[in-house]
Asker: 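There's a structure below that I have some questions on.
Just so you know, these numbers use all the heavy atoms, side chains as well, and skip hydrogens, waters and symmetry mates. These numbers were taken from a predicted model, which means no experiment stands behind them. Below, read A as the first sequence line, B as the second, and so on, with proteins coming before strands; counting in each chain starts at 1.
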Protein chains: 2
Amino acid sequence: MAYHLDKIDIEILKMLQKDSNRTTKSIAAQLDMSTSPIFERIKKLEKEGYIKKYVAVLDNKKIGLKLTVFIGITLQGHTRSYLEKFVKEINNFPEVVECHRVSGNFDYLLKLVVEDIEAYETFIITKLTLLPYLGNVQSLITLSTGKETNEIDLSSVL
Amino acid sequence: MAYHLDKIDIEILKMLQKDSNRTTKSIAAQLDMSTSPIFERIKKLEKEGYIKKYVAVLDNKKIGLKLTVFIGITLQGHTRSYLEKFVKEINNFPEVVECHRVSGNFDYLLKLVVEDIEAYETFIITKLTLLPYLGNVQSLITLSTGKETNEIDLSSVL
DNA sequence: ATTTAATAAAGAATAATATCCTTTTAAAAT
DNA sequence: ATTTTAAAAGGATATTATTCTTTATTAAAT
């Protein structure tokens, strides 16, 4: 039987996806509760998989990875085994942070984070175009980013 | 004068962007150091902005947000003030997790996380299409996601 | 309505970690 | 060689996470 999120769980998730270093004490204070139920709820949310992990969010640009690129890709073949192989290969490329199979004008949409245009081109030449069955490839180079977060909208849940 | 990252800093960042709940003790052990320099380095990485924040990564689907959509948008006008207004409006939409100004076939690329197709359509009708100067709008509906992370490739840095 | 059972919260005690401070080491510069 | 600087080590303290026990609340059953 599946565990169901209640209003308090949602509030906890909202806080933790904004700042996971919040202490149980501070969360408890905000929700007018004691620390134990907060602690237990968080543990349950982790165990049940609602919280997948805790990570540090880095400043890409400051660290030297100044370029984000989206790449739309169409494939020439669409056999199941090939699609799986394609995704598997893509997963080995550390520059690729996202890979989505999509409907619409492309088969796949990739998101890359790299140092600069040169690193991008190197990726295309030495990695991407070596994959077989590659069809059309169209890149969207990011000029500026107006919003970039991982925070999902929990207000619509429940 | 800017602070410069050395090999140890990079190693710390690698660990923390995989799992920010690692204790300084555990990081220190892995790097064969004592806890104090690790602690001080982390504080410096935070203060200098290399680490922007710590967040919990949630399981979108499990929580009920089952659909990711990318939307390519072209605008009819391109005055500076309008572009700024556009981004500002977009920032108020909690469904939108990313908004990039791009070169290529679109002016903007958005990433949305919503409950389902219905929520997506509601967004389009009640929010997106109300924005003025909107040109072409093209959606890529995610069918499946082969990779989705925030981990950037630090092996290329330094 | 009353009792029972089950669940969640509260409160207190302990263990582990973060945080701070002082000392030591190592490296660089004079 | 000596001085100066920065980083690391080591230890002490304050917070927090974690565990356990008790209390309260709710729902179910009689």
Asker: Are the side chain of B/Ser20 and the backbone of B/Leu16 linked by a donor-acceptor contact shorter than 3.5 Å?
Answerer: no
Asker: Between B/Phe123 and B/Phe93, how do the two ring planes meet: parallel, tilted or perpendicular, split at 30° and 60°?
Answerer: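 Rings of B/Phe123 and B/Phe93: perpendicular, as their planes differ by over 60°.
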Asker: Begin with the C-alpha distance, continue with both residues' side-chain angles, and end with the deciding distance and a verdict on side chain to side chain contact (heavy atoms under 4.5 Å, CB included) for B/Leu45 and B/Ile12.
Answerer: CA-CA 9 Å; B/Leu45 291 168; B/Ile12 293 172; 4.2 Å; yes
Asker: Tell me the interatomic distance from A/Lys44, atom NZ, to C/dT7, atom C1', rounded to whole angstroms.
Answerer: 9 Å
Asker: Among A/Asp59, A/Ile63, A/Leu58, find the residue that satisfies the side chain to side chain contact (heavy atoms under 4.5 Å, CB included) test when tested with B/Tyr50.
Answerer: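 Of the listed options, the one satisfying the test is A/Ile63.
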Asker: If you look at every heavy atom in B/Ile141 and B/Leu67, which pair is closest and at what distance?
Answerer: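 For B/Ile141 versus B/Leu67, the nearest heavy atoms are CG2-CD1, 3.7 Å.
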Asker: Please give, in whole Å, the distance from C/dA9 P to A/Ile12 CD1?
Answerer: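 Going from A/Ile12 (CD1) to C/dA9 (P), I get 9 Å.
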Asker: Would you say A/Lys25 places a side-chain N or O within less than 4.0 Å of OP1 or OP2 belonging to D/dA17?
Answerer: no
Asker: With a 4.5 Å cut-off on side-chain heavy-atom distances among I, L, V, M, F, W and Y, is there a chain of contacts connecting B/Leu5 to B/Ile38?
Answerer: yes
Asker: Would a distance-only check, ignoring hydrogens and angles, find a side-chain to backbone donor-acceptor pair under 3.5 Å from A/Thr145 to A/Thr142?
Answerer: no
Asker: Expressed as a whole number of angstroms, how long is the span from A/Asp9:CG to C/dA9:C1'?
Answerer: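 Between C1' of C/dA9 and CG of A/Asp9: 14 Å.
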Asker: For the side chain of A/Lys43, starting at C-beta, report the closest nucleotide among D/dT18, C/dA18, C/dT19.
Answerer: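 Selected nucleotide: D/dT18.
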Asker: Please tabulate the protein-to-nucleotide N/O contacts below 3.5 Å involving nucleotides 8-12 of chain D, giving atom names and distances.
Answerer:
unit_1 : atom_1 : unit_2  : atom_2 : d
D/dA8  : OP1    : B/Arg41 : NH2    : 3.0
D/dA8  : OP2    : B/Arg41 : NE     : 3.3
D/dA9  : OP2    : B/Ser34 : N      : 2.7
D/dA9  : OP2    : B/Ser34 : OG     : 2.8
D/dA9  : O5'    : B/Ser34 : OG     : 3.3
D/dA9  : N7     : B/Ser36 : OG     : 3.4
D/dG10 : N7     : B/Ser36 : OG     : 3.1
D/dG10 : O6     : B/Ser36 : OG     : 2.8

Asker: Can you check the B/Asn21 CG to C/dA18 C1' distance for me, whole Å?
Answerer: 13 Å
Asker: Taking the axis from the first five pairs and the axis from the last five, what angle separates them in the helix from C/dA1-D/dT30 to C/dT30-D/dA1, rounded to 10 degrees?
Answerer: 30°
Asker: Would you say B/Thr74's side chain and B/Asn136's backbone share a donor-acceptor pair under 3.5 angstrom?
Answerer: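 Pair found, side chain donor or acceptor close to backbone of B/Asn136.
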Asker: Roughly, in whole Å, what's the span from OH in B/Tyr54 to C1' in C/dA18?
Answerer: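 Interatomic distance, OH of B/Tyr54 to C1' of C/dA18: 12 Å.
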Asker: Looking only at atom types and distance, does a side-chain atom of B/Lys7 sit under 3.5 Å from a main-chain N or O of B/Leu158, one as donor and one as acceptor?
Answerer: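 No, because the side chain of B/Lys7 does not come within donor-acceptor range (under 3.5 Å) of the backbone of B/Leu158.
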Asker: Whole angstroms only, please: what is the CZ-C1' distance between A/Phe39 and C/dG11?
Answerer: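 Nearest whole value for this atom pair: 15 Å.
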